[in-house]
Each structure stands twice: as C-alpha cells, then as structure tokens.
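A quick note: this is a predicted structure, and the numbers were derived from the prediction, not measured. Sequence positions, counted from 1, serve as the residue numbers for this chain. Worth knowing before you read on, the calculation uses all heavy atoms, side chains too, and leaves out hydrogens, waters and symmetry mates.
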Amino acid sequence: MSDSHSSPDPLVPPLEAKPVRHPRAPLRYVVRELLETAIFILLVFLIVRGVVQNFKIEGSSMEPTLHTGQYILVNKLIYFHFDLNAPLRLLPGQADLPPRVVYPFRPPQRGDIVVFEYPRDVRKDYIKRVIGLPGDVLEFREGRVYVNSELLDEPYLRGAFTYCLGGYPCAQGPITVPPGSIFVMGDNRGNSSDSREWDALPLDRVVGQAWLIYFPFSDWGLVPHHRYDTVTAATP
C-alpha cells in the first residue's frame with residue numbers, strides 16, 4: 001500500500017502569488033500627522049521656554065562672580081507669581097482693589113542673582129544681585145552697605161568698596177525700598193549701572209533667577225548665590 005498524496009495536475013498551470021497592495025494613506029492624513037507633530041514640538045518648546053531661558057553675560061558688572069562671555073540658564077519658574085485680586089477688579093466698583101500677589105514657590109531673596117528687564121529699556125536684559133527687599137532701609141557709609149541698620153557681609157566683593165555718586169538717590173541718605181520692588185547691585189560696584197543709579201527695580205521686571213553656567217565648559221556649575229544670615233527683615 002502506497003501513501004496517498006496529491007500531485008499537481010500537469011494540465012492546470014500553477015497559481016502565482018500576487019503582491020499584496022496596501023492602501024495608500026490619503027494626503028489629508030499625512031498632513032494631519034505632520035501638523036500634530038509640529039504642534040507638539042511647539043508646545044514642548046513653549047513649556048520649556050516658560051521655565052528655563054538661556055542668557056549671555058555681557059560686560060563686567062558681575063565680576064568677580066560672573067564673567068563676560070559666559071552662558072547661563074535662568075530659572076523662570078521659581079519667581080512665578082499671580083495677583084489674586086486681578087479677577088475681582090473686573091467686578092463693578094472693584095477697579096481700585098489693591099494687588100494681592102502670591103508666590104507659589106518664593107519671591108526673590110537677598111543674595112539672589114537675578115536676570116531682569118532693564119527699567120530704562122525693557123528690550124535689554126541685565127543681571128545683578130538682590131541687596132534690598134520691599135520695606136528694607138539701605139544706607140551707604142564709608143564704602144559699606146547697611147540693611148536695616150545692620151552691616152551687610154559681602155564676601156563676593158573680595159574687599160571692594162561700595163560708593164554712591166553725588167547725583168544718585170542713595171547718596172542723599174538712607175533709602176527705603178518701595179513695595180513691589182527690590183534693590184539690586186552688581187558685584188563689580190565700581191563698574192555697574194544698578195539701583196544706585198536708576199532706583200529700585202519693580203518685581204514685575206524680574207525674568208528669573210540665574211541658575212546654571214553651561215559655557216564655557218571649564219566654568220560649568222551652579223551660579224553662586226549668597227545668604228545673609230545676620231540681616232533681619234524690615235519692620236512693617
């Protein structure tokens with residue numbers, strides 16, 4: 001008994017495998033995919049740009065802490081704030097409601113190095129150190145800075161002195177930092193255009209806190225901020 005099996009009929013030609021044709025995606029689907037990808041990339045860029053921004057140091061006003069030509073990243077999120085009373089001003093009779101500003105993280109502190117819009121030309125960005133907070137009383141005596149009657153310890157100056165020129169507001173005696181403002185100065189006190197010259201800086205002009213030096217690579221590291229442990233807050 002032989003095994004049964006089938007064999008091709010010599011009179012019937014073998015069937016050839018036909019290539020499978022996949023339907024081509026309509027053009028509108030391709031365009032939609034491209035648009036969705038572009039929108040996603042744009043949203044990511046805007047989110048990152050809203051949190052971190054790069055900044056190039058130009059000039060010597062922050063010597064010896066920061067140097068011209070360095071590139072840094074600025075933390076824009078840390079000083080994020082909003083006015084709780086802003087929506088209420090839209091109500092009848094509430095247009096004069098005073099601001100009630102809230103910082104979910106924290107406001108600028110003494111010793112922070114901040115990037116901000118130059119008050120006299122908001123198209124330019126400056127970088128300085130926060131010296132006085134709202135309500136602080138600042139005095140300049142014998143080349144030293146006093147905040148709320150206490151001598152400010154500033155080791156980053158490396159022995160340099162701080163003076164006010166005759167035409168500057170700070171040369172007329174003690175000055176009080178207005179509400180909603182900070183007093184900023186460069187670490188290179190002899191070559192810095194700062195609050196001594198153009199008065200206090202509105203907080204709304206602050207872009208963010210200088211965070212990281214990323215170029216040149218030899219200077220890679222966190223921006224050195226400072227804390228003044230001996231300075232007490234201003235009395236309300």
Pairwise side-chain contact, [X] with [Y], heavy-atom cut-off 4.5 Å (strictly under):
X: S61; Y: Y126; answer: no
X: F116; Y: P202; answer: no
X: P174; Y: L138; answer: no
X: R89; Y: P99; answer: yes
X: Q209; Y: H225; answer: yes

Ignoring hydrogens and geometry, is there a side-chain-to-backbone donor-acceptor pair from [X] to [Y] under 3.5 Å?
X: N188; Y: S60; value: yes
X: Q172; Y: G166; value: yes
X: N85; Y: P98; value: yes
X: R205; Y: E117; value: no
X: R129; Y: G111; value: yes
X: R189; Y: G143; value: no
X: R158; Y: P155; value: no

Can you list the steps and then say if L133 with R110 is a side chain to side chain contact (heavy atoms under 4.5 Å, CB included)?
-> CA-CA 7 Å; L133 301 178; R110 297 188 198 94; 3.8 Å; yes

Cluster check [X], [Y]: I/L/V/M/F/W/Y, side chain < 4.5 angstrom:
X: L77; Y: V207; result: no
X: Y71; Y: W211; result: yes
X: M62; Y: V223; result: yes
X: F55; Y: V184; result: no
X: V52; Y: W220; result: yes

Drop me the distance from [X]'s [atom1] to [Y]'s [atom2], to the nearest 0.5 angstrom.
X: T65; Y: L157; atom1: OG1; atom2: CG; value: 8.0 Å
X: D219; Y: L66; atom1: CG; atom2: CG; value: 9.5 Å
X: L222; Y: I213; atom1: CG; atom2: CD1; value: 8.5 Å
X: Y228; Y: D153; atom1: OH; atom2: CG; value: 8.5 Å
X: I72; Y: I127; atom1: CD1; atom2: CD1; value: 3.5 Å
X: S181; Y: D204; atom1: OG; atom2: CG; value: 9.0 Å

Partners passing salt bridge (charged side-chain N to carboxylate O under 4.0 Å, His left out) against E197 (at least two apart in sequence or in another chain) = R120

From CA spacing to verdict: side chain to side chain contact (heavy atoms under 4.5 Å, CB included), L203, Y103 = CA-CA 12 Å; L203 281 167; Y103 285 81; 3.7 Å; yes

Give every residue pair that meets the ring pair (Phe, Tyr, Trp, His ring centres under 6.0 Å) criterion with at least one member in residues 140-186, sequence neighbours excluded.
-> Y156-H226

Let me know which of V206, D194, V130 forms a side-chain contact (heavy atoms from CB on, under 4.5 Å) with L201.
-> V206

Classify the ring geometry between F217 and F215 as parallel (under 30°), tilted (30 to 60°) or perpendicular (over 60°).
-> perpendicular

Begin with the C-alpha distance, continue with both residues' side-chain angles, and end with the deciding distance and a verdict on side chain to side chain contact (heavy atoms under 4.5 Å, CB included) for Y79 and R106.
-> CA-CA 6 Å; Y79 299 146; R106 70 171 180 84; 4.0 Å; yes

Output, in order, the C-alpha distance, side-chain angles, deciding distance and verdict of side chain to side chain contact (heavy atoms under 4.5 Å, CB included) for E154 and I131.
-> CA-CA 10 Å; E154 300 187 273; I131 301 299; 3.7 Å; yes

Taking only residues two or more places apart in sequence or in another chain, which ones pass side-chain hydrogen bond (donor to acceptor under 3.5 Å, both in side chains) with R123?
-> D121

Are D112 and K128 within salt-bridge range, i.e. N to O under 4.0 Å?
-> no

Nearest heavy-atom contact between G69 and K56 is CA-CE, 4.2 Å

Smallest heavy-atom separation, F105 atom then I78 atom, equals CB-O, 3.4 Å

Take atom CZ of R100 as the centre, draw a 6.0 Å sphere, and report whether it contains more than 12 heavy atoms from other residues, nucleotides or ligands.
-> no

